[in-house]
There are 2 protein chains.
Amino acid sequence: MSTIRDIARSANVSVSTASLALNGDARVREATRRRVLEAAELLDYHPMRAARSLSSGRTWSIHLLDPSLGANMTSGFFTHYLRGLHDGARDGGYTLTLTVPQDEAEARSVLKRLMAERWSDGVVLMNPSEHDGLLQDVVEARFPHVLLGRSPVAGVSTVDNDNVAVARDATEHLLAPGRRAPLLINGPAYRTFTQDREQGFREACSTAGVRPRVAYVDAPPDAVREVIDAHLGAGLALDAIVTVADPQAVVAMRTLHERGRRVPQDVAIIGMNNDDLTQYTNPRLSSVELNAFALGRNAIELLLAGMDGATGGASQRLVPHELVIRESSA
Amino acid sequence: MSTIRDIARSANVSVSTASLALNGDARVREATRRRVLEAAELLDYHPMRAARSLSSGRTWSIHLLDPSLGANMTSGFFTHYLRGLHDGARDGGYTLTLTVPQDEAEARSVLKRLMAERWSDGVVLMNPSEHDGLLQDVVEARFPHVLLGRSPVAGVSTVDNDNVAVARDATEHLLAPGRRAPLLINGPAYRTFTQDREQGFREACSTAGVRPRVAYVDAPPDAVREVIDAHLGAGLALDAIVTVADPQAVVAMRTLHERGRRVPQDVAIIGMNNDDLTQYTNPRLSSVELNAFALGRNAIELLLAGMDGATGGASQRLVPHELVIRESSA
DNA sequence: GCACGCTATCGAACCGGTTCGATACTGGGC
DNA sequence: GCCCAGTATCGAACCGGTTCGATAGCGTGC
């Protein structure tokens, strides 16, 4: 392992000149720069990250704090936006690091250490639940950040879908042919995205003049089965189902099938995320493509822009979604 | 941000004593240690990672080099072993970093920089293809490593399923009731795991005295459809299908259904990985559980053990698999 | 009462880079 | 011939920790 002092010696310059040359400073003469670069090449020189970080104050890494990997059910979504984050980070010269906290307390303590010990130059927060103090911490510490999701507090940069519109569009699509008895199968209640989706659902129902029904499901898939059984068992009408994730929609389809209801003739269904599995069901599942890759990519862009100090304040970005209509709601 | 010098001053000790106290060295007197820890608590002291790394030579991070995230089709598998890696790293006090190279050249250059610039203390390699030089590089550099998969070269620590047995068990299961015309739908040809699975498939066929047929598929799912169409179109018998991934099995089921073959009565099918989607098909898909989480967890354990220098040589570990029989092969 | 060993602590060096301020050298203007 | 501005380079300080070798202070044994 050769150090910059080896390079300096070999190129017959001082350490400081070697450093300047290697970093492309305009002050060093062309001939000198070449000598230094040749020496570096010859000695297979690679600057040690830790040393560079210590003196420059930059780690060249971005940290992702994401509890969702623990909650599964969303692996398709996760891998897609992870890839968006990764590609964006790579293109900006950054490395991605990752923590999956098990609960809110761990998330908060990891975030605190991460910022204080300077593990990275910025952090991506995935959909923290509303009432933990993560967001306040990051804002108060003035640590570069971006939130995937909608922020309940001010001063936070965010990238998100327009979840109100996502649910409204999906619901309108199902109600358009004149269906009158829609059900929303929603996720955990304390997240902004489920609140927004419920709002969108209610808006569409209101416009169509039909009664909205909403069920909350924490731990699919069996809970979905129970919801539908209860609904039908109570003799309630049901001709349209919106779920906030595709696997839930698949379970809903199976349950309806077992109860003798046809999809889409009796009940139309649409999910969200446009997972690969939408291709594999029978009938194929309609869904809302949320462009998770773009979500990740935009998050990194916003974060890097904020780290350059170019933008003073927090900014928000919305990633477009699009309905993908398949047989389950045709 | 307070540094160790602030702590030392506040606790009325030298910097070196402060460092010793903070790291629990036995030499410092109990009363002194308490003074130092109280000062650290009071000033909310957190040692900067880069500084610690530079002086101690340890980064306290593990890097995952994994091209498979780019190739998708395996998101369930990926998230599970990623979680195994993450949990193992966390428990050992390490942070996980991640790179997704786009091709072999990038994989190799990233690996080289990673080792030379000391991004991490060790690296996890996911199933690199056989003929790139990744493994030689890592062995020659004597860099702590572990391979997820089987190594074609010596001196590499690995964690893997027994892929020969995986395919053999799956095939035997299908052939047991007397089926005579099995087909293996395999993945990319140049990976050790596809070779092993083909071998296991052939062994089971040989034992049963039936003729093995093997098709290679790079880019599912449409390729699977073509394979089956071609097979049936040629008038070949077909009563059992083994695929190396679950999504391929699902496509196979759909294609058979469209061609008027019943699953499992006419053709029995089993996939691998035991993805969530096996629950969502009709009939439900049999599969082989590969215990991806355990795979990741074991990989980290092996890596950390190797980093302690406890073990001199490379070691191998096999993670057990298990057949999960559902309706598609009942 | 003195030599000795042990314990707790300290100052300084070190890890490998970046960056600041000083300096030697160069060429141009008058 | 002298002064000055600008250029290329250098030594030293610095980033914030860890660790090595030295030392002061102490109690013990004889």
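Order of the sequence lines fixes the chain letters, A, B, ..., with proteins taken first and strands second; residue numbering starts at 1 for each chain.
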Can you name the atoms? Protein N/O to nucleotides 23-27 of chain C N/O, anything below 3.5 Å, with the distance.
none

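- A heavy-atom distance below 4.5 Å is not found between the side chains of B/Asp44 and B/Ser2.
- The ring-ring contact (aromatic ring centres under 6.0 Å, His included) analysis of residues 13-62 of chain B, with sequence neighbours excluded, yields the pairs B/Trp60-B/Tyr94.
- Using five terminal pairs a side, the axes of the helix from C/dG1-D/dC30 to C/dC30-D/dG1 at its two ends make an angle of 60°, given in steps of 10 degrees.
- Identified under the salt bridge (charged side-chain N to carboxylate O under 4.0 Å, His left out) test for residues 134-159 of chain B, with sequence neighbours left out: B/Arg108-B/Asp137, B/Arg150-B/Asp196.
- Applying a 4.0 Å cut-off to non-hydrogen atoms, none of the residues of residues 111-122 of chain A approaches DNA chain D.
- Annotation: proximity of residues 16-32 of chain B to DNA chain D (heavy atom, distance under 4.0 Å) is found for B/Ser16, B/Ser19, B/Asn23, numbered in ascending order.
- Going from atom CG of B/Leu22 over to atom CD1 of B/Ile4 covers 5.0 Å, rounded to the nearest 0.5 Å.
- Results of the side-chain contact (heavy atoms from CB on, under 4.5 Å) test with A/Val124 over A/Leu98, A/Val146, A/Val159, A/Leu147 single out A/Val146 as the only residue that passes.
- Checking A/Arg49 against A/Thr95 by side-chain atom types alone, a donor-acceptor pair falls below 3.5 Å.
- By the side chain to side chain contact (heavy atoms under 4.5 Å, CB included) test, A/Thr194 is found to be paired with A/Asn186, A/Pro188, A/Arg191, residues two or more places apart in sequence or in another chain being considered.
- Within residues 34-42 of chain B, no residue has a heavy atom under 4.0 Å from DNA chain D.
- Put simply, CZ on B/Phe78 and CZ on B/Arg83 are 13.0 Å apart, with the number rounded to the nearest 0.5 Å.
- Residue pairs meeting the ring-ring contact (aromatic ring centres under 6.0 Å, His included) criterion with at least one partner in residues 102-129 of chain A, sequence neighbours excluded, are A/His63-A/Trp119.
- If you take OG1 on B/Thr32 and CZ on B/Arg34, they are separated by 9.0 Å, rounding to the nearest 0.5 Å.
- Base contact: A/Val15 has a heavy atom under 4.0 Å from a base atom.
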Name the pairs: protein N/O against N/O of nucleotides 4-6 of chain C, kept only if under 3.5 Å.
none

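- A nucleotide of DNA chain D counts as in contact with chain B when one of its atoms lies under 4.0 Å from a heavy atom; the first and last such, 5' to 3', are D/dG16 to D/dT19.
- For the side chain to side chain donor-acceptor pair (under 3.5 Å) with A/Arg297, the lone residue among A/Asp91, A/Asn291, A/Asp87 that qualifies is A/Asp91.
- The CG atom of B/Leu64 sits 12.5 Å away from the OG1 atom of A/Thr97 when rounded to the nearest 0.5 Å.
- Taking CG of B/Leu303 as the start and CG of B/Asn298 as the end, the distance is 12.0 Å to the nearest 0.5 Å.
- Against DNA chain D, the stretch residues 51-63 of chain A makes heavy-atom approaches under 4.0 Å through A/Leu54, A/Ser55.
- For the side-chain contact (heavy atoms from CB on, under 4.5 Å) with B/Leu295, the qualifying choice from B/Asn161, B/Leu290, B/Leu85 is B/Asn161, the only one to do so.
- Nearest approach of A/Gly88 to A/Ile300, heavy atoms of both residues: C-CG2, 3.5 Å.
- For the atom pair CE of A/Met48 and CE of A/Met1, the computed distance is 8.5 Å after rounding to the nearest 0.5 Å.
- Here B/Glu38 does not pair with B/Arg35 in a salt bridge; the nearest charged N to carboxylate O distance is not below 4.0 Å.
- When side chains are defined from C-beta on, A/Thr79 does not count as touching A/Leu82, because their heavy atoms never get closer than 4.5 Å.
- Toward the 5′ end of DNA chain D lies the nearest nucleotide of A/Ser14, the other residue of the pair A/Arg5 and A/Ser14 mapping further downstream.
- Salt-bridge formation is not detected for the pair A/Arg52/B/Glu117: no Lys NZ or Arg NE/NH1/NH2 atom is positioned less than 4.0 Å from an Asp or Glu carboxylate oxygen.
- Shown here is A/Glu41, whose CD atom has no more than 12 heavy atoms of other residues, nucleotides or ligands within 6.0 Å.
- Around the CZ atom of B/Arg33, the shell of radius 6.0 Å holds more than 12 heavy atoms that belong to other residues, nucleotides or ligands.
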